[in-house]
Undergrad: 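My questions all concern the structure below.
Each chain gets a letter, A, B and so on, in the order its sequence line appears, and its residues count up from 1.
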Amino acid sequence: MPELPEVETMRRGIAAVVGSRIVEVERPRISRRPILISPNGAALRKRLVGRKIIETDRLGKRVVVRLDSGDSIIFEPRMTGLVLITDPPTREHLRLRLFLENTKPPRNLELLFWDRRGLGLVRVVSPAEMIERYGPETLGTDALTITPDELSERLAPSRRAIKVALLDQRAVAGIGNLYASEILHLSAIHPAIGCNRLRDDDWRRIHKAMRDVLTKAIRYEGSTLSDGTYRNALNKEGGYQNHHRVYDRAGEPCPGCKTEIVRVVQAQRSTFFCPECQPKKRR
DNA sequence: CATATGTCCTGAGAGC
DNA sequence: TGCTCTCAGGACATAT
């Protein structure tokens, strides 16, 4: 579930690791199928041990930790992954531990990757591999920096439903299933309308709603859903779930007009919307 | 080329 | 109570 707000919260939460040096790498033994960590074993240790962390960043839904060697560590949480600097939710699903040392307090820290379902991954990439895998040819412009014009240029030619198109990371990076529904409700756009049927004014509303929803969700440190999986870097719940307008609220009243919120399935994913505030036909 | 569908995974919750 | 089944959706592979 971690989308842009959750991943940005993780990134901010690990700020204390900047300036520290990696002194040891541990891959805890797990009684289930291991996640992908690339490279692995001695090669991983060689790329990381002795390296200093100079910066943290975010690329769409991935956390980036930049090293003084020029390499970057990419943490990709996918569904249930977490990047933490404190005790993880359980010992059982701890996937990677980086032991850190700093010249100033906190002197000793750990940078952890925890993942219950194990769909996430960790990758150490060179500058060239960084561009190849996550450059502008592969990954779209970040949802927080894209301009209204670029958003419509990238999406408007498509015949896909707007909700499905917003999930395409090659077009715009960072939006997932939860925030796509929230953004379209705030924009008053029906989720099944084809992108090529939207007008300039629609794109401007979508762009504004996208910024408003994502920045507010970051302010509340993301959404921890009923399964309780998502946590910030200190293993604390987010708060934005209490501000969801439609997501996972089928049958409840729309916050705008009190009509019952509807759940439909698009591209095998749940979409939530208000049939009154987000009409399919517009006059 | 654009778009659609299948796949991985765990654990919560439903239904019997 | 305890079993089986379904579902949640990140990114990517494969199919149409």
Undergrad: Considering every strand and a 4.0 Å limit on heavy-atom distances, what is the contact class for A:Asn177: base, sugar-phosphate, or nothing?
TA: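 Sugar-phosphate, backbone atoms only, no base.
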Undergrad: Taking A:Arg58 as the fixed residue, which of A:Glu8, A:Glu6, A:Glu76 is the one that meets the salt bridge (charged side-chain N to carboxylate O under 4.0 Å, His left out) rule?
TA: A:Glu8
Undergrad: Answer yes or no: does atom CZ of A:Arg32 have more than 12 heavy-atom neighbours from other residues, nucleotides or ligands under 6.0 Å?
TA: yes
Undergrad: For B:dG11, does OP1 or OP2 lie under 4.0 Å from any side-chain N or O of A:Arg32?
TA: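 True: A:Arg32 side-chain N/O within range (under 4.0 Å) of B:dG11 OP1/OP2.
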Undergrad: When the distance from CG of A:Asp168 to P of B:dT3 is rounded to whole Å, what number comes out?
TA: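 The answer, rounded to whole Å, is 9 Å.
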Undergrad: Does A:His93 make a side-chain N or O approach to OP1 or OP2 of B:dC9 shorter than 4.0 Å?
TA: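 Answer no for this pair, as no side-chain N or O of A:His93 is under 4.0 Å from OP1 or OP2.
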Undergrad: In whole angstrom, what separates A:Asp115's CG from B:dT10's C1'?
TA: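 The distance from CG of A:Asp115 to C1' of B:dT10 comes to 10 Å, rounded to the nearest Å.
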Undergrad: Between A:Glu3 (CD) and C:dA11 (C1'), how many Å, whole number?
TA: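 A:Glu3 atom CD is separated from C:dA11 atom C1' by 13 Å.
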Undergrad: By the 4.0 Å heavy-atom rule, please label A:Gly118 as base, sugar-phosphate, or nothing.
TA: nothing
Undergrad: Would you kindly give the CH2-to-P distance between A:Trp114 and B:dC9, to the nearest whole Å?
TA: 17 Å
Undergrad: Could you give me the CA-CA distance, side-chain angles and deciding distance for A:Thr229 and A:Asp227, then say whether side chain to side chain donor-acceptor pair (under 3.5 Å) is met?
TA: CA-CA 6 Å; A:Thr229 301; A:Asp227 72 355; 3.1 Å; yes
Undergrad: For a 4.5 angstrom cut-off between non-hydrogen side-chain atoms, does A:Ser181 reach A:Lys163?
TA: yes
Undergrad: Is atom NZ of A:Lys216 surrounded by more than 12 heavy atoms (other residues, nucleotides or ligands) closer than 6.0 Å?
TA: yes
Undergrad: Specify the separation, in whole Å, of atom OH of A:Tyr179 and atom P of C:dG9.
TA: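 Computing the A:Tyr179:OH to C:dG9:P distance gives 13 Å.
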Undergrad: With sugar-phosphate meaning primed atoms plus P, OP1 and OP2, does A:Ser270 contact a base, only sugar-phosphate, or nothing at under 4.0 Å between heavy atoms?
TA: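 Result for A:Ser270 = sugar-phosphate.
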Undergrad: For A:Arg159 and B:dA4, give me the distance from atom CZ to atom P, rounded to whole Å.
TA: 7 Å
Undergrad: Does OP1 or OP2 of C:dG9 have a side-chain N or O of A:Tyr247 closer than 4.0 Å?
TA: yes
Undergrad: Hey, which of these two, A:Leu119 or A:Gln268, hits DNA chain B nearer its 5' end, going by closest nucleotide?
TA: A:Gln268
Undergrad: Can you list everything that forms a ring-ring contact (aromatic ring centres under 6.0 Å, His included) with A:Phe272? Sequence neighbours excluded, please.
TA: A:Tyr247
Undergrad: At under 4.0 Å between heavy atoms, what does A:Ser158 touch on the DNA or RNA strands: base, sugar-phosphate, or nothing?
TA: sugar-phosphate
Undergrad: To the nearest Å, give me how far apart CG (A:Leu36) and C1' (C:dA11) are.
TA: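 Checked: the CG to C1' distance equals 12 Å.
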Undergrad: Can a donor-acceptor pair under 3.5 Å be found between the side-chain atoms of A:Arg62 and the base atoms of C:dG10?
TA: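 Looking at the base of C:dG10, it does not pair with any donor or acceptor on the side chain of A:Arg62 (distance under 3.5 Å).
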Undergrad: With hydrogens left out and only the distance checked, is there a donor-acceptor pair under 3.5 Å joining A:Arg117's side chain and the base of C:dA8?
TA: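 Checked by distance alone, the answer is yes.
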Undergrad: C:dG9, B:dG11, B:dA4: which one has an atom nearest the side-chain heavy atoms of A:Arg160?
TA: B:dA4
Undergrad: Can you list, in residue-number order, the parts of residues 123-141 of chain A that come under 4.0 Å of DNA chain C, counting heavy atoms only?
TA: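 When residues 123-141 of chain A is checked for heavy atoms under 4.0 Å from DNA chain C, there are no hits whatsoever.
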Undergrad: Between C:dG10, B:dC9, C:dA11, which nucleotide gets closest to the side-chain atoms of A:Gln169?
TA: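 When the side chain of A:Gln169 is considered, C:dA11 is the closest of C:dG10, B:dC9, C:dA11.
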Undergrad: Taking the side chain as every heavy atom from C-beta outward, state whether A:Leu98 and A:Arg51 have any atom pair closer than 4.5 Å.
TA: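 With C-beta onward as the side chain, the pair stays apart.
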Undergrad: Between A:Thr80 (side chain only) and A:Asp115 (backbone N and O only), is there a donor and an acceptor less than 3.5 Å apart?
TA: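 No, A:Thr80 side chain to A:Asp115 backbone: no donor-acceptor pair under 3.5 Å.
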